[in-house]
Structure formats: structure tokens, C-alpha cells
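Here the structure comes first, spelled out in C-alpha cells, and everything after it is commentary.
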Amino acid sequence: MSVKQLGINASKTKTFLSLATAEDKNRALTLIADALIEKSGEIIKANELDLENGKKNGLNAGLLDRLMLNEERIKDISDGVREVVKLDDPCSKTVYEYEKDNGLKIKKITVPIGVIGIIYEARPNVTADAAALCLKSGNAVILRGGKEAINSNKAIADIMREAVEKAGFPRDVIQLVEDTSRESSNEMMTMNEYLDCLIPRGGKGLIKAVVENSTVPVIETGSGNCHIYVDESADIDMAANIIFNAKTQRISVCNACESLVIHSGIIDRALPVIKARLDEKNTEIRGDERALAACHDIKRADDADFYTEYLDYIISVKTVDSLDEAIEHINSHSTHHSEAIITNNKENAERFLQCIDSSSVYVNASTRFTDGNEFGLGAEIGISTQKLHARGPMGLRELTSTKYLIYGDGQVR
């Protein structure tokens with residue numbers, strides 16, 4: 001089926017979705033969650049084909065980890081759908097009310113965006129997460145995953161479409177683009193007649209291509225060159241523990257730490273301790289001249305390292321002489337996703353929070369918490385690094401727009 005036809009099909013579901021109640025949507029989501037568990041064997045079988053193809057095509061460990069599904073991960077996906085069921089319906093909420101002197105009543109309410117397109121890479125969990133959030137917020141969704149996960153995505157999408165139909169919804173509220181060629185992505189980017197919004201999720205190259213080429217309005221979800229700054233007053237053991245978690249707990253995610261910035265007054269003591277923890281996961285450290293002097297058994301970094309989202313057991317180290325220098329370095333090298341400071345100086349913590357220009361900024365905690373579920377939003381549609389409409393983890397509320405309802409009894413202007 002052509003991408004244009006998917007757009008036509010999705011547009012036809014808008015009226016149905018605008019009338020669907022919270023109970024209707026929750027029933028459909030519950031059936032999706034149940035079906036994902038009941039048919040997990042089908043999903044795993046399809047996923048095994050993708051993993052086999054991925055290995056043949058030389059996917060690195062990080063991408064294979066993103067791609068892999070097992071019983072535990074499928075249960076997590078199903079649980080994520082159930083969490084969305086528990087959340088309030090974001091539609092038809094009153095944002096603003098006003099009554100004019102002439103009796104005209106004006107009310108602003110939240111409404112679905114309409115038809116949302118999502119272009120993403122080798123993460124089949126996105127297929128279910130995105131569909132669940134779009135459904136709960138009253139949006140139809142057209143999903144276009146990468147070729148690496150096509151078998152997994154088809155299995156998940158087919159299961160969800162059967163479930164929503166069982167709940168009395170049109171199957172086409174959820175659709176998958178099965179053509180994984182570049183042409184299908186390009187066509188989605190120019191489908192203004194049928195798509196109300198396009199959301200890219202994936203690496204820097206994918207996001208850049210969509211932002212630069214799409215005529216459909218885009219919500220930019222960013223890659224994650226996330227930084228942790230170890231301040232001169234930091235507790236070194238705390239810093240080592242946080243960095244170990246942020247870097248190695250799961251290397252393939254956008255909220256993993258990729259870059260360290262360490263104050264020159266503490267680097268001689270801190271970096272050997274940090275390295276000892278990272279050695280537990282055989283993590284390669286690439287540092288500047290002062291980092292090399294502080295800890296000899298690391299590699300030399302070049303300029304590109306300080307901009308790189310590795311998605312691997314590699315981390316860069318930049319040495320600075322002040323908090324302001326750390327802030328300047330982070331703001332100029334970051335993808336504006338998530339950054340953290342490890343410090344015992346309250347004034348430095350507050351200055352860092354105020355001056356770092358990223359969607360999520362932490363004091364004495366791991367960047368791994370930047371996640372819709374962790375922030376109480378339920379499963380997320382992505383983490384926006386832009387500033388208009390949505391920023392940071394995007395949940396249900398960020399998938400709505402607004403409109404005005406005006407009630408009169410004959411008023412004219």
C-alpha cells in the first residue's frame with residue numbers, strides 16, 4: 001500500500017477518534033496490552049529474524065541491544081501501554097474561559113493534533129509506545145520504522161490493529177509503512193495534506209534529514225550527547241557511581257552519558273576513581289591533555305569526540321578551570337538533551353541549573369532518568385530538544401493542540 005493511501009486511510013479515522021471517549025480508548029489500549037503478552041511468541045520469532053539480519057549486516061552492540069526483544073522487554077512494553085490507560089485523557093480539557101460583555105462565551109479546549117507520522121530506527125518498542133500515546137490522545141498514527149526492525153514492527157503493528165478493531169475502532173487508527181526505502185520517508189515529509197505533524201526518533205542523521213527536508217511540521221526529538229560535570233566540590237565516590245550508571249546501565253539510549261567535564265582542581269583525584277568504575281564495563285575513555293596527565297591509561301580525544309553520541313562503551317573527558325567554562329563547553333557541544341552536575345556547592349548547582357540550555361538538567365543524579373515514565377508521563381513519544389510546543393519527555397499532553405469554542409445567541413460585530 002502506498003504511503004499516500006495510508007495518509008488517506010488515517011484521515012478518514014479523525015471523526016471517529018474525535019468522538020471516542022476515554023473509556024473507549026482505554027478499552028482498546030487494554031486489549032492491545034493483553035494481545036502483546038498473549039502473542040509475545042510471534043513477536044519474538046519475528047524479532048529473531050531482525051537480529052539475525054542485523055548481525056549479518058554488521059550492526060554494533062548498541063544497535064543490536066536497541067533492537068532485541070525478549071519476554072521481559074515485551075512485558076515492559078505491555079506494562080507501558082497499561083500505564084497509559086491509567087493516565088487522564090488529555091482531550092477536551094478546558095484551558096481558558098471568557099465571557100464578553102455582550103454575552104458571547106469563549107472557551108479554549110485541548111484537542112487531538114490529528115494524524116501523526118513517526119519516523120524511527122531500530123527500536124521496535126517505539127511501535128507500541130507511540131501507538132498507545134497517539135491512541136489515548138485521540139490521534140491516528142502512521143509508523144515508519146527502520147529496515148532493521150521491519151519484521152518485529154510488522155508483528156507488533158498487526159497485533160495492535162487486530163486489538164483496536166476488536167474494541168470497535170477502525171484498524172487504520174494505527175498503520176505501519178512497510179516500505180523501508182528512503183523514498184517512503186521522503187514522501188511522508190511532504191504529505192501536508194494528510195499528516196498534521198511528523199516526529200523523527202533516532203540518530204542524529206535521521207533527525208537532521210527530517211528537520212531539514214520536511215514540509216510537514218516537525219517536533220524535533222534530539223540525539224543525546226549528554227554531559228556530566230564533576231565540580232571541584234564533588235563527592236568523588238558519588239560522582240563515580242552516577243557516571244557508571246549514566247554511561248553503562250544501557251549504552252544504546254539517548255539519555256546515556258557520553259561526555260564528562262571535570263574541574264581541574266579535582267581531576268587528578270577523581271578521574272582514576274571514575275576510570276576504575278568504568279573499567280568494570282571495559283569502557284574506553286578519551287581525554288584531553290590534562291585528563292591524560294591525570295590518568296595515563298586512557299586514549300587521546302580529538303575535537304570530534306566532544307560532539308559525539310557514541311552509543312557504545314566510550315566516553316570523552318574535557319578538563320575545565322571553572323564552572324562558567326564548564327557551562328560554556330556544555331552549551332556549545334551538547335545536543336541540549338540532558339546534563340548533570342555533581343557538586344556539594346549549592347550556589348554552583350543553582351547556577352548550573354539556570355545556565356545550561358538543555359531540556360533536562362540534574363543535580364547529583366544520573367541522566368538516565370530523562371524518560372517519560374520516570375517523569376510520571378507514562379510511555380513517551382520522544383524527548384524533544386526544541387523549544388516550541390514541546391520540550392523534554394513528551395507524553396499525552398504534548399500530543400494535543402487547542403481550539404476555541406464560541407457560544408452565542410445572535411451576537412454580531
May I have the step-by-step check of side-chain contact (heavy atoms from CB on, under 4.5 Å) for Asp324 and Arg351, ending in yes or no? CA-CA 9 Å; Asp324 286 344; Arg351 186 175 181 86; 2.8 Å; yes
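- Using a distance-only test at 3.5 Å, with no hydrogens or angles considered, a donor-acceptor pair links the side chain of His333 to the main chain of His329.
- With no hydrogens or angles considered, no side-chain donor-acceptor pair links Asn331 and Asp357 at under 3.5 Å.
- A side-chain N or O of Tyr120 and one of Thr127 form a donor-acceptor pair less than 3.5 Å apart.
- Proximity of Leu135 to Leu29: side-chain heavy atoms (C-beta onward) are separated by under 4.5 Å at one or more points.
- The CZ atom of Arg201 lies 11.0 Å from the CG atom of Leu206; values are rounded to the nearest 0.5 Å.
- Between the side chains of Asn345 and Thr343, not a single donor N or O lies within less than 3.5 Å of an accepting N or O.
- For the residue pair Thr319 and Asp288, a side-chain donor N or O sits within less than 3.5 Å of a side-chain acceptor on the partner.
- Between the side chain of Arg391 and the main chain of Ser384, no donor-acceptor pair closer than 3.5 Å is present.
- The nearest pair of heavy atoms linking Cys295 to Pro272 is SG-CA, 4.2 Å.
- For Ser214 against Leu198, the heavy-atom pair with the smallest separation is OG-CD2, 3.7 Å.
- Crowding of Arg290 atom CZ: a count of heavy atoms from other residues, nucleotides or ligands under 6.0 Å exceeding 12.
- Note that CG of Leu311 and OG of Ser252 are 7.0 Å apart. Values are rounded to the nearest 0.5 Å.
- Residues Glu71 and Ser40 bring a donor and an acceptor atom of their side chains to less than 3.5 Å of each other.
- Taking the six-membered ring where the residue is Trp, His263 and Tyr229 present tilted rings, their angle falling between 30° and 60°.
- At least one donor-acceptor pair closer than 3.5 Å links the side chain of Arg161 to the backbone N or O of Ile174.
- Asp196 meets the side-chain contact (heavy atoms from CB on, under 4.5 Å) test with Lys14, Ile113, Val115; sequence neighbours excluded.
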Hey, mind stepping through Arg269 and Val273 against side-chain contact (heavy atoms from CB on, under 4.5 Å) and telling me if it holds? CA-CA 7 Å; Arg269 292 179 289 124; Val273 177; over 6 Å; no
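- Note: Arg123 CZ to Asp129 CG = 8.5 Å, rounded to the nearest 0.5 Å.
- Between Arg73 and Asp65, at least one side-chain N (NZ, or NE/NH1/NH2) sits under 4.0 Å from a carboxylate O, which counts as a salt bridge.
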Working for side chain to side chain donor-acceptor pair (under 3.5 Å), residues Lys86 and Asn26: CA-CA 8 Å; Lys86 297 176 185 177; Asn26 288 340; over 6 Å; no
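- If you check the side chains of Thr30 and Arg82, you find no donor sitting under 3.5 Å from an acceptor.
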Working note: Glu309 + Cys254, criterion side-chain contact (heavy atoms from CB on, under 4.5 Å); need CA distance, chi angles, decisive distance, verdict. CA-CA 8 Å; Glu309 181 188 30; Cys254 60; 4.1 Å; yes
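- Of all heavy-atom pairs spanning Ala291 and Leu271, the tightest one is O-CD2, 3.6 Å.
- A donor-acceptor contact shorter than 3.5 Å links the side chain of Asp302 to the backbone of Asp305.
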Would you mind writing out the side-chain donor-acceptor pairs for residues 234-245 within the sub-3.5 Å range, not counting sequence neighbours?
{"residue": "Asp235", "atom": "OD1", "partner": "Asp237", "partner atom": "N", "Å": "3.0"}
{"residue": "Asp235", "atom": "OD1", "partner": "Met238", "partner atom": "N", "Å": "2.9"}
{"residue": "Asn241", "atom": "OD1", "partner": "Arg277", "partner atom": "NH1", "Å": "2.3"}
{"residue": "Asn241", "atom": "ND2", "partner": "Asp237", "partner atom": "O", "Å": "3.3"}
{"residue": "Asn245", "atom": "OD1", "partner": "Ser366", "partner atom": "OG", "Å": "2.7"}

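- Put simply, the side chain of Asp89 gets close to the backbone of Cys91: a donor and an acceptor are under 3.5 Å apart.
- Inspection of the Thr385 and Ser359 side chains reveals no N or O donor paired with an N or O acceptor under 3.5 Å.
- Looking only at side-chain heavy atoms (C-beta outward), Ile109 and Thr402 stay at 4.5 Å or farther from each other.
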Do Leu195 and Met188 pass the side-chain contact (heavy atoms from CB on, under 4.5 Å) test, and can you show the C-alpha distance, the side-chain angles, and the key distance before you say yes or no? CA-CA 8 Å; Leu195 283 180; Met188 286 183 73; 4.2 Å; yes
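- Taking CD of Glu97 as the start and CD1 of Ile106 as the end, the distance is 11.0 Å to the nearest 0.5 Å.
- Within a 6.0 Å radius of CZ in Arg397, other residues, nucleotides and ligands contribute 12 heavy atoms or fewer.
- The pair Lys75-Asp79 meets the salt-bridge criterion, with a side-chain N (NZ, NE, NH1 or NH2) lying under 4.0 Å from an Asp/Glu carboxylate O.
- A pairwise comparison of heavy atoms in Val141 and Ala131 identifies CG1-CA, 4.1 Å as the closest pair.
- We find that Lys56 and Glu52 are joined by a salt bridge, their nearest charged nitrogen and carboxylate oxygen being less than 4.0 Å apart.
- Side-chain atoms of Ser78 never come within 3.5 Å of backbone atoms of Ile74 as a donor-acceptor pair (strictly under, hydrogens ignored).
- For the residue pair Thr367/Asn255, the side-chain donor-acceptor check at 3.5 Å is not satisfied.
- Counting non-hydrogen atoms of other residues, nucleotides and ligands closer than 6.0 Å to CD of Glu280 gives a total above 12.
- A side-chain donor-acceptor contact under 3.5 Å links Lys247 to the backbone of Asp312.
- For the residue pair Asn225 / Thr308, no side-chain donor-acceptor distance below 3.5 Å is found, with atom types taken as modelled.
- Counting all heavy atoms, side chain and backbone alike, Ala128 lies closest to Leu36 at CB-CD1, 4.3 Å.
- Among Leu399, Ile207, Val218, the single residue meeting the side chain to side chain contact (heavy atoms under 4.5 Å, CB included) criterion with Ile199 is Leu399.
- Side chain of Glu258 to main chain of Tyr310: a donor-acceptor pair is present (N/O by atom type, distance under 3.5 Å, no hydrogens or angles).
- A side-chain donor-acceptor contact under 3.5 Å links Asp24 to the backbone of Thr21.
- Taking a cutoff of 4.0 Å between a charged side-chain nitrogen and a carboxylate oxygen, Glu284 and Arg286 qualify as a salt bridge.
- Looking at Thr215 and Met189, their side chains never come closer than 4.5 Å, going by heavy atoms from C-beta outward.
- Applying the ring-ring contact (aromatic ring centres under 6.0 Å, His included) rule to Phe169 yields the partners Phe16; only residues at least two apart in sequence or on another chain are considered.
- Side-chain contact check for Asp179 and Ser181: at least one donor-acceptor pair (N or O, by modelled atom type) lies under 3.5 Å.
- A donor-acceptor pair under 3.5 Å is formed between the side chain of Asn139 and the backbone N or O of Gly114.
- Between Phe375 and Tyr362, the angle of the ring planes lies from 30° to 60°, which puts this pair in the tilted group.
- Side-chain contact annotation: Thr400 with Thr110, donor-acceptor N/O pair under 3.5 Å absent.
- Residues Ala167 and Leu31 approach most closely at CB-CD1, 3.7 Å, considering heavy atoms.
- Once rounded to the nearest 0.5 Å, the distance linking CG of Asn348 with OG of Ser233 reads 6.0 Å.
- Salt bridge annotation for Lys39-Glu162: present, with a cationic side-chain nitrogen under 4.0 angstrom from a carboxylate oxygen.
- Atom CD1 of Ile330 is separated from atom NE2 of His227 by 5.5 Å, given to the nearest 0.5 angstrom.
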